[in-house]
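Presented below is the structure to which this report refers.
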Amino acid sequence: MEKKEWRTRGKALLRSFSALEKGRIEESIHNQLFLSELWDRARVVAVTVSLPDEWSTKPIIEQAWAEGKKLVVPKCDPKSKTLTFYSLKSYDQLESVYFGLQEPNPAIAEAVSKEEIELLVVPGLIFDHKGFRIGFGGGFYDRFLTDFNGITVSLISKKQLTTQLPSEVFDIPVQHIITEKKWLIM
């Protein structure tokens, strides 16, 4: 199967969860993250602002704020296909951009260097047991991860896990995957 087909399959899978099932999975994956040593040690945590079909990142954002961690979120540059992360101290610092995405407003949020980020929650649709993933397209995260030295983790349902995905030389696997049932270390 090609990446495009995997992507279509992954989007359909995320939409297929009932609200109840989605809520149970989110509670499990968030709790596992918050009880982990990775979370405990990280002072600077990076995460996207999720869309309705994705696993909610609101609990992650708010837990980071509650614990006094520096929470950073990405802004995409569609022309260069790059990510720049900005410190987020309030939802008021977000603006609506293309496709309904909520991203930091650079006029009122402070940019953060890649080197400062200690824990990066990487989004994706389908993952394999080596940590490779099919994302939403565009390669933004693969570009960002090429020289990223922090820890990467993805939070997914076990249904998003498959044996093997097609990968290319520029694809970078995540280091940890948390599902509602287990923790995988690559």
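Note that the structure is predicted; figures quoted are calculated from it, not measured.
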- prompt: Taking the side chain from Lys22 and the backbone from Glu54, do they hold a donor-acceptor pair closer than 3.5 Å?
  reply: yes
field: Expected output: side-chain Thr152 to main-chain Gln175 donor-acceptor under 3.5 Å
entry: yes
- prompt: Given the rule in the side chain to side chain contact (heavy atoms under 4.5 Å, CB included) test, do Ile156 and Leu161 qualify, once you have shown the distances and angles that lead to the verdict?
  reply: CA-CA 8 Å; Ile156 66 170; Leu161 200 54; 4.2 Å; yes
query: So, the side chain of Glu103 versus the backbone of Val97: is there a donor-acceptor pair under 3.5 Å, distance only?
result: no
- request: Decide yes or no on side chain to side chain contact (heavy atoms under 4.5 Å, CB included) for Arg15 and Asp53, but give the supporting numbers first.
  value: CA-CA 6 Å; Arg15 287 191 301 270; Asp53 285 342; 3.3 Å; yes
message: Less than 6.0 angstrom from the centroid, inside 45 degrees of the normal: does Lys114 satisfy that with respect to the ring of Phe148?
response: no
Donor-acceptor contact present, side-chain Lys159 to main-chain Leu13, <3.5 Å: no
message: So for atom CD, which belongs to Glu21, do other residues, nucleotides or ligands contribute more than 12 heavy atoms lying within a distance under 6.0 Å?
response: yes
query: Are any side-chain N or O atoms of Gln102 and backbone N or O atoms of Leu94, one a donor and one an acceptor, separated by less than 3.5 Å?
result: no
Thr57 side-chain N/O to Ser50 backbone N/O, donor-acceptor pair under 3.5 Å: yes
- request: Indicate whether any N or O donor in one side chain lies under 3.5 Å from an N or O acceptor in the other, for Asn31 and Ser28.
  value: no
message: Would the distance check show the side chain of Asp128 and the main-chain N or O of Leu165 forming a donor-acceptor pair, the cut-off being under 3.5 Å?
response: yes
message: For Glu62, is the CD atom crowded, meaning more than 12 foreign heavy atoms sit under 6.0 Å from it?
response: yes
- request: State, yes or no, whether a side-chain contact exists between Val174 and Phe132 at a heavy-atom distance under 4.5 Å.
  value: no
message: Leu83 vs Cys76, test: side chain to side chain contact (heavy atoms under 4.5 Å, CB included). Steps then yes/no.
response: CA-CA 5 Å; Leu83 298 174; Cys76 302; 3.6 Å; yes
field: Side chain proximity check, Leu145 to Phe170, heavy atoms < 4.5 angstrom
entry: no
- prompt: Testing Arg143, Lys3, Arg133 for salt bridge (charged side-chain N to carboxylate O under 4.0 Å, His left out) with Asp171, which one passes?
  reply: Lys3
- request: State whether Arg7 and Glu2 are salt-bridged, where the test is any N-O pair (Lys NZ or Arg NE/NH1/NH2 against Asp/Glu carboxylate O) under 4.0 Å.
  value: no
field: Backbone of Asp142 reached by a side-chain donor or acceptor of Thr146 within 3.5 Å
entry: no
message: Is there a path of hydrophobic side-chain contacts, each under 4.5 Å between heavy atoms, that joins Tyr91 and Tyr86?
response: no
message: Between Gln160 and Leu14, is there a side-chain heavy-atom distance shorter than 4.5 Å?
response: yes
- request: Apply side chain to side chain contact (heavy atoms under 4.5 Å, CB included) to Ile172 and Phe144, showing your working.
  value: CA-CA 10 Å; Ile172 301 192; Phe144 186 82; over 6 Å; no
- request: State whether a side-chain donor-acceptor pair under 3.5 Å links Trp39 with Gln32.
  value: no
- prompt: Under 6.0 Å from the CD atom of Glu37, do we count more than 12 heavy atoms belonging to anything else shown?
  reply: no
- request: Would you confirm whether the ring centroid of Phe17 sits within less than 6.0 angstrom of the ring centroid of Trp55?
  value: yes
task: Show your reasoning for whether salt bridge (charged side-chain N to carboxylate O under 4.0 Å, His left out) applies to Glu95 and Lys75.
output: CA-CA 10 Å; Glu95 62 182 353; Lys75 180 150 190 80; 3.0 Å; yes
query: Is any side-chain heavy atom of Val122 less than 4.5 Å from a side-chain heavy atom of Val153?
result: no
Same cluster (ILVMFWY, side-chain, under 4.5 Å), Phe85 and Ile108: no
message: Once rounded to the nearest 0.5 Å, what's the spacing between atom CD1 of Ile61 and atom OG of Ser90?
response: 11.0 Å
task: Quick one: do Glu116 and Lys70 satisfy salt bridge (charged side-chain N to carboxylate O under 4.0 Å, His left out)? Show the steps, please.
output: CA-CA 10 Å; Glu116 287 182 65; Lys70 186 175 198 174; 3.3 Å; yes
message: For the backbone of Arg43 and the side chain of Glu118, can you confirm whether one donor and one acceptor N or O come within less than 3.5 Å of each other?
response: yes
- prompt: Is the closest side-chain heavy-atom distance between Ile117 and Val72 below 4.5 Å?
  reply: yes
field: Heavy-atom side-chain contact between Leu71 and Val44 under 4.5 Å
entry: no
field: Side-chain heavy atoms of Thr162 within contact of Trp6, under 4.5 Å
entry: yes
- prompt: Under 3.5 Å, side chain of Glu26 to main-chain N/O of Ser56, donor-acceptor pair present?
  reply: yes
statement: In this structure, CG of Leu120 is separated from CD1 of Ile151 (nearest 0.5 Å) by 10.5 Å
message: Quick check: do Phe127 and Ile134 have side-chain heavy atoms less than 4.5 Å from each other?
response: no
task: Check the surroundings of atom CG in Asp147: do more than 12 heavy atoms from other residues, nucleotides or ligands lie under 6.0 Å from it?
output: yes
- prompt: Excluding sequence neighbours, so at least two apart, what forms ring-ring contact (aromatic ring centres under 6.0 Å, His included) with Phe140?
  reply: none
message: Within this structure, what is the NZ-CD1 distance for the pair Lys181 and Ile25, rounded to the nearest 0.5 Å?
response: 9.0 Å
